[in-house]
Amino acid sequence: LFFNKNENYFIIFFIIFLIVAYIIGERSNFIKILFISIIFYFIILKINNYKKILFIIVPILIIISVTYSNKIYKERFYNYLIKPIIEKNIDVKFSNDRHIGHYRLAIDIFKNNKLFGVGFKNFRNESFHRQVNLGEKIAVTTHPHQIHLEFLSELGIVGYLIMLSFFSYSIFNGLKIYKSNKSTLTLAGTLFIIATILPILPSGSFFTTYGATIFWINYSFIMKDKLKLD
């Protein structure tokens with residue numbers, strides 16, 4: 001309701017929000033925020049598409065300007081993400097990336113524990129075991145930094161399918177409820193859940209107090225409106 005009545009404030013907030021998210025410098029989180037924000041922007045804002053596109057060009061131009069004028073941001077965003085795609089040398093660029101190393105370890109753990117995984121929050125133990133007892137040169141880490149690989153390595157196929165069913169059901173409910181009540185909180189919560197399960201992108205562990213708190217708060221937006229409808 002606030003966004004509908006104060007479109008100018010929403011546009012200003014949207015531009016500032018995207019720029020700040022970019023300046024923070026977290027590549028994966030910025031991509032997720034960009035994904036959520038643009039969809040939210042185009043659905044919520046009640047102006048014609050021409051104006052929507054015009055306004056969204058502003059933060060994009062600022063982001064491009066910052067990227068090319070600052071060595072740090074150019075390295076983090078252009079040289080690391082965009083340049084390898086343009087030059088078609090993605091394999092070479094990411095072969096020594098620490099996240100790729102975590103991904104490979106998670107895949108290897110899953111292959112040896114396909115049905116039920118190594119157990120809830122046991123990825124860290126398996127990581128330590130492989131470095132110390134097996135002498136493998138890997139970085140000890142608490143989780144594989146990718147939510148799908150976290151589920152597969154720790155919960156196996158059985159747990160992964162259960163979690164995927166839960167996420168799918170939540171997204172379906174969220175979209176259904178938003179279609180019915182047009183609640184911005186329901187839409188925001190649903191988009192957050194979709195962004196949470198985006199593949200490939202690095203992510204924090206789902207099974208932590210910080211990560212879980214943010215997720216369940218957004219999930220509660222959907223459940224609140226679902227209870228009202230029921």
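Ring geometry for F167 versus F206: interplanar angle over 60°, hence perpendicular rather than tilted (30 to 60°).
K182 NZ to I44 CD1: the interatomic distance, rounded to the nearest 0.5 Å, is 9.0 Å. The CD1 atom of I147 lies 7.5 Å from the CD1 atom of I197; values are rounded to the nearest 0.5 Å. One finds the CD1 atom of I63 at 11.0 Å from the OH atom of Y73 (value rounded to the nearest 0.5 Å). Between the CD1 atom of I194 and the CG atom of L198 there is a distance of 8.5 Å, given to the nearest 0.5 Å. With rounding to the nearest 0.5 Å, the separation of OG in S28 from NE2 in H145 is 10.5 Å. Interatomic distance, S220 OG to L185 CG, rounded to the nearest 0.5 Å: 8.5 Å.
Cluster membership check: I16 does not share its hydrophobic cluster with L54, using side-chain heavy-atom separations under 4.5 Å among Ile, Leu, Val, Met, Phe, Trp and Tyr. A continuous path of Ile, Leu, Val, Met, Phe, Trp and Tyr side chains, each step under 4.5 Å between heavy atoms, connects I36 with I43, placing both in one hydrophobic cluster. Hydrophobic clustering (ILVMFWY, side-chain heavy atoms < 4.5 Å, transitive): L161 and F151 are in one cluster. Under the 4.5 Å side-chain contact rule for hydrophobic residues, F215 and F172 do not share a cluster. Residues F13 and F35 share a single hydrophobic cluster, defined by chaining ILVMFWY side chains whose heavy atoms lie under 4.5 Å apart.
Taking Ile, Leu, Val, Met, Phe, Trp and Tyr as hydrophobic and joining them when side-chain heavy atoms fall under 4.5 Å apart, one finds I200 isolated, its cluster having no other members. By the 4.5 Å side-chain criterion applied to Ile, Leu, Val, Met, Phe, Trp and Tyr, I162 is assigned to a cluster that also includes L115, F116, V158.
At distances below 3.5 Å, not a single donor-acceptor pair connects side-chain atoms of N70 with backbone N or O atoms of V66.
The two residues K74 and T67 have their closest heavy-atom pair at CB-O, 3.1 Å. The heavy-atom pair separating I214 from N218 by the smallest distance is O-ND2, 2.8 Å. Residues A106 and S153 come closest through the heavy atom pair O-CB, 3.7 Å. Between T190 and T186 the shortest heavy-atom distance is OG1-O, 2.8 Å.
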Ignoring hydrogens and angles, write down the donor-acceptor pairs under 3.5 Å from the side chains of residues 118-125, residues two or more places apart or on other chains.
unit_1: K121; atom_1: NZ; unit_2: F207; atom_2: O; d: 3.4
unit_1: N122; atom_1: OD1; unit_2: N125; atom_2: ND2; d: 2.7
unit_1: N122; atom_1: ND2; unit_2: V118; atom_2: O; d: 3.0

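Applying the ring-ring contact (aromatic ring centres under 6.0 Å, His included) test to F192 and every residue at least two apart in sequence or in another chain returns nothing. Residues that satisfy the side-chain contact (heavy atoms from CB on, under 4.5 Å) test with I53, not counting sequence neighbours, are F42, I57. Residues satisfying the side-chain contact (heavy atoms from CB on, under 4.5 Å) criterion with I31, sequence neighbours excluded, are L81, L201. Residues passing the side-chain contact (heavy atoms from CB on, under 4.5 Å) test with K51 are I47, N48, F55, sequence neighbours excluded. With sequence neighbours excluded, the residues that form a ring-ring contact (aromatic ring centres under 6.0 Å, His included) with F166 are W216, Y219. Applying the ring-ring contact (aromatic ring centres under 6.0 Å, His included) criterion to F77, with sequence neighbours excluded, gives Y22, F30. Take Y50 and apply the ring-ring contact (aromatic ring centres under 6.0 Å, His included) test, not counting sequence neighbours, and it matches no residue.
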Trace of the side chain to side chain contact (heavy atoms under 4.5 Å, CB included) decision for L105 with S127: CA-CA 8 Å; L105 174 58; S127 173; 4.1 Å; yes
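Contact annotation: the side chain of I222 never approaches that of Y178 to less than 4.5 Å [non-hydrogen atoms, C-beta and beyond]. Looking at heavy atoms from C-beta onward, I72 lies in side-chain contact with R76 at the 4.5 angstrom threshold. Using a 4.5 Å cut-off on side-chain heavy atoms (C-beta onward), L149 and I107 make contact. Looking at heavy atoms from C-beta onward, F40 lies in side-chain contact with L187 at the 4.5 angstrom threshold. Counting heavy atoms from C-beta on, the side chains of S183 and I177 never come closer than 4.5 Å. A 4.5 Å side-chain heavy-atom check between Y103 and P202 finds at least one atom pair inside the cut-off.
Residue pairs satisfying the side chain to side chain donor-acceptor pair (under 3.5 Å) criterion with at least one member in residues 156-171, sequence neighbours excluded, are listed as follows: H148-Y160, Y169-N173. Counting only residues at least two apart or in different chains, side chain to side chain donor-acceptor pair (under 3.5 Å) contacts with residues 191-209 comprise E150-S205.
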